Structure formats: structure tokens, C-alpha cells
Amino acid sequence: MIKVEHVSKTYKVFKRDAGFQSAFKALFHKEYELVSALNDVSFTIEDGEMVGYIGPNGAGKSSTIKILSGILTPEEGIVKINGQIPWKNRIAHVKEIGVVFGQRSQLWWDVPVLDSFQLLKDIYSISEKTYKDNLEELTSLLNLSDLLQTPTRQLSLGQRMRCEIAASLLHSPKILFLDEPTIGLDAVSKLAVREFIKSLNQKHKTTVILTTHDMQDIEALTNRIILIGKGRVLMDGTIDDIKIHGDNMDEAVANLYHEYQI
Ligand SMILES: Nc1ncnc2c1ncn2[C@@H]1O[C@H](COP(=O)(O)OP(=O)(O)OP(=O)(O)O)[C@@H](O)[C@H]1O
């Protein structure tokens, strides 16, 4: 179970105007401003749920995922994931979660994908049997057999994303965080990724939290949606609760953003 209670996160940002003069001044006198990313965010997600976490650019989605995965520490509030505090019990926690950031890679760029998988096996202390079984299943479901010997840098975006998803699941995590997993993918690759996530949730009861701007992803995968804007949870409901705001999902979500002025 994921329990998020009254979480707030503020970034301290170094403030500097453009230009040489200002760069020189900044050597002696640094000015900072505070950017509020999350403001009193609370929600609970049960085991095996698939939840869409949506909101406009800068709403606080990635910050939430980073806090849930233990990369960031909030100033206020508490998060418990299967009884553990992500940023405190980091080693135990990372064994429970898989994370895919669509815009970043967790694979080593210059080595064949299989070598990255082997490294992850060692990092996560995955047993020989679990590794073999998972690799076999993921290779077959994500159609990886022709990609495993290829260095990551030579893969197309869609090929890489399938490998990233496999990499995040080698250690059989109970929870999967997906931050824009289909960004930039063509229609065929998007469908393949969606189908895989759906079957993963059905077969292994993996809890999935999905952030995306792609409303087709949301419709295909989730029923529950948490809408966040300007760092606050504005709505926690179903696809139907969203759909009543427009003729289709994109329009409904745009209308909601407009209504909430986010
Ligand atoms: N490392 C950082 N340093 C300073 N400010 C940051 C940092 N990361 C995020 N922010 C700010 O925090 C706020 C929330 O950002 P966040 O990346 O969580 O939003 P998001 O909902 O994931 O956005 P997007 O849909 O554009 O990816 C924004 O105002 C952003 O500018």
C-alpha cells in the first residue's frame, strides 16, 4: 500500500539574470528563490491498483514520483510504501519498486543491453533463478530477443523503451512507477507498451502509477485518476468523472485544467 500524507516539497533555485555582469556579480552574492512543487499532497493507493497521475506541465508529477521512489526528500509530510519510508529505508525500498523515466535512461549507453541487465542483477542481488525466469518472460513479452546484444545508444526510442521497462522489472518489484513511458513512441510501440503494462498488472498484480500527458494511455490503462495542479491534488476520481467535462478525454482534461486555472 502507498500512503502519502500532507507532503510538501519546495526547490531552492539559484537566481541569476542573463549576461556576463550578472554572472560576475553572482560569484560574490548568490540570490535564491523558492519554487513550491508540492503543497499538502495526500492520497492512498492499494496493492494491485493502476492509477493515472495527471496534470499540466510543472504540476508536480515528476516531483511526486521522485519522492515515492526515494530520490527526493520532502520538507513536510510522510510517505509509507509497504510500511517503509522511501528516502529513509532506501536499500529495502528500491527492491520493492521499479521506475521508468521516459526521458531518461537507466541502461548503460555503450554496452549491450544484456550487459546492463547483468549489472542490474548484481546491483539488486537478484537470484540466478529469478533473473533467468524474468529475463525469459520479459524477452518474450516485450519482443527483446533481437535487441539484447545491441548497445543502448544504437536502439530506436521504441526499442529502448521496451528495454527500459524490462530493466525496471528484472527484480520483480511489487510497484512500478512510469513517468511518461510512451513519450515520443510511434502508434505500434505505444500499443505494445500499453498491452504489456496491462498484462503485467493482471498477471502479477503489480501496482502501477502512471504519469503521462497521453490521455489514450490513461484510458487504456487506468480507471482511477489523480489530477494534480500547481502542486495540489485537485481531483481523485474515475475516468467517467473526468469524461463528463468534455466530448472526449483530451477535451475533458483541457476543460478541467481551464476550470481549475492550472
Ligand atoms: N530540480 C529542480 N529545481 C528547481 N525547480 C524544479 C526542479 N524540478 C522541478 N522543479 C519545479 O517544480 C515544479 C514541479 O515540477 P515537476 O517536474 O514535478 O512537474 P511535472 O508535473 O512533472 O511537469 P511536466 O509535465 O512538465 O514534466 C515546477 O515549477 C518545476 O519548475
Side-chain angles (χ1 to χ4, degrees), residues 50-58 61-62 65-66 68-69 71 94 97-124 126 130-173 175-204 206-222 249-250 253:
M50 274 222 267
V51 177
Y53 195 62
I54 67 168
N57 292 129
K61 304 180 295 296
S62 298
I65 299 296
K66 285 177 188 162
L68 296 185
S69 42
I71 299 169
V94 291
I97 61 162
V99 190
V100 176
F101 287 104
Q103 318 239 37
R104 248 164 268 151
S105 181
Q106 62 182 311
L107 300 167
W108 283 262
W109 210 236
D110 290 312
V111 301
V113 172
L114 195 59
D115 290 4
S116 284
F117 286 1
Q118 280 286 347
L119 276 163
L120 289 167
K121 172 181 180 285
D122 294 340
I123 289 171
Y124 285 100
I126 305 170
T130 306
Y131 177 73
K132 197 171 153 281
D133 291 350
N134 284 351
L135 183 61
E136 219 171 87
E137 186 183 5
L138 292 163
T139 301
S140 143
L141 291 176
L142 288 162
N143 208 2
L144 303 183
S145 45
D146 292 340
L147 309 177
L148 293 176
Q149 301 302 336
T150 311
T152 302
R153 71 182 142 74
Q154 289 176 16
L155 299 175
S156 76
L157 188 59
Q159 291 169 336
R160 182 171 68 74
M161 195 48 64
R162 284 187 275 136
C163 295
E164 298 281 353
I165 292 172
S168 73
L169 293 168
L170 285 169
H171 58 295
S172 313
I175 300 168
L176 182 62
F177 298 122
L178 297 167
D179 194 345
E180 303 199 48
T182 61
I183 194 163
L185 301 192
D186 68 31
V188 175
S189 303
K190 267 189 191 181
L191 285 179
V193 167
R194 280 183 203 144
E195 275 315 306
F196 173 77
I197 296 167
K198 219 189 290 182
S199 68
L200 176 83
N201 171 261
Q202 278 163 5
K203 190 169 168 205
H204 296 288
T206 310
T207 308
V208 179
I209 298 180
L210 168 72
T211 85
T212 179
H213 295 290
D214 186 322
M215 290 307 135
Q216 286 173 320
D217 279 355
I218 293 285
E219 263 191 299
L221 290 172
T222 65
M249 272 297 275
D250 277 322
V253 166

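Since we're looking at a predicted model, the values are computed, not measured.
Proximity of a side-chain donor or acceptor of Gln154 to a complementary backbone N or O of Pro151 within less than 3.5 Å is not detected. Checking side-chain atoms of Lys61 against main-chain N and O of Gly55 turns up a donor-acceptor pair under 3.5 Å. The closest donor-acceptor contact from the side chain of Arg162 to the backbone of Asn143 lies under 3.5 Å. For the pair Thr212 (side chain) and Asp214 (backbone), a donor-acceptor distance under 3.5 Å is present. Checked by atom type and distance alone, the side chain of His204 never pairs as donor or acceptor with a backbone atom of Ser199 at under 3.5 Å. Of the possible donor and acceptor atoms, one in the side chain of Ser156 sits under 3.5 Å from a partner among the backbone N and O of Gln159.
Between the CG atom of Leu178 and the OH atom of Tyr53 there is a distance of 15.0 Å, given to the nearest 0.5 Å. To the nearest 0.5 Å, atoms CG (Leu68) and CD1 (Ile97) are separated by 8.5 Å. In this structure, Ile126 CD1 and Asp133 CG are separated by 11.5 Å, a value rounded to the nearest 0.5 Å. For the atom pair Leu144 CG and Thr150 OG1, the distance stands at 10.5 Å (nearest 0.5 Å). Annotation: the span from Met50 atom CE to Ile209 atom CD1 amounts to 12.0 Å, rounded to 0.5 Å. A distance of 8.0 Å separates OG1 in Thr182 from CD in Glu180, rounded to the nearest 0.5 Å.
Using a 4.5 Å heavy-atom threshold, the side chains of Thr152 and Cys163 count as separate. Looking at heavy atoms from C-beta onward, Leu114 lies in side-chain contact with Leu135 at the 4.5 angstrom threshold. Inter-residue side-chain proximity for Leu221 and Leu210 is flagged as met; some heavy-atom pair is nearer than 4.5 Å. Annotation: side chain of Val100 is in contact with side chain of Met161 (closest heavy-atom distance under 4.5 Å). Within the 4.5 Å cutoff, no side-chain heavy atoms of Val94 are placed close to those of His171. Here the side chains of Lys121 and Leu170 are not in contact, with every heavy-atom distance at 4.5 Å or above. At a threshold of 4.5 Å between non-hydrogen side-chain atoms, the residues Thr222 and Val51 do not count as touching. Contact of the Phe196 side chain with the Leu138 side chain is registered, since non-hydrogen atoms from C-beta on lie closer than 4.5 Å.
Residue pairs that meet the ring-ring contact (aromatic ring centres under 6.0 Å, His included) test with at least one member in residues 102-121, sequence neighbours left out, do not exist here. A side-chain hydrogen bond (donor to acceptor under 3.5 Å, both in side chains) check over residues 111-120, counting only residues at least two apart or in different chains, returns nothing.
In terms of heavy atoms, Pro173 sits closest to Gly98 at CB-N, 3.4 Å. The two atoms that bring Leu157 and Ile183 nearest to each other are CD2-O, 3.6 Å, heavy atoms only. Across every non-hydrogen atom of Ile218 and Met249, the tightest pair is CG2-CE, 3.9 Å. Residues Gly102 and Arg160 come closest through the heavy atom pair O-NH2, 4.0 Å. Minimum heavy-atom separation, Val99 to Leu176: N-CD1, 4.4 Å. The nearest pair of heavy atoms linking Val113 to Leu147 is CG2-O, 3.7 Å.
Considering only residues two or more places apart in sequence or on other chains, Ser62 meets the side chain to side chain donor-acceptor pair (under 3.5 Å) condition with Asp179. Remark: Asp250 pairs with no residue by the side chain to side chain donor-acceptor pair (under 3.5 Å) rule, at least two apart or across chains. In this view, Ser105 and Glu164 satisfy the side chain to side chain donor-acceptor pair (under 3.5 Å) rule, not counting sequence neighbours. Residues meeting the side chain to side chain donor-acceptor pair (under 3.5 Å) test with Lys66, sequence neighbours left out: none.
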Subject >> Candidate pair Tyr124 and Thr130, rule side chain to side chain contact (heavy atoms under 4.5 Å, CB included), full reasoning >> reply: CA-CA 11 Å; Tyr124 285 100; Thr130 306; over 6 Å; no
**OP:** Given salt bridge (Lys or Arg N to Asp or Glu O under 4.0 Å), test Arg153 with Asp110 step by step and report yes or no.
**Re:** CA-CA 6 Å; Arg153 71 182 142 74; Asp110 290 312; 2.6 Å; yes
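Counting non-hydrogen atoms of other residues, nucleotides and ligands closer than 6.0 Å to CD of Gln216 gives a total of 12 or fewer.
Taking 4.0 Å as the cut-off between side-chain N and carboxylate O, Arg194 and Asp217 count as a salt-bridged pair.
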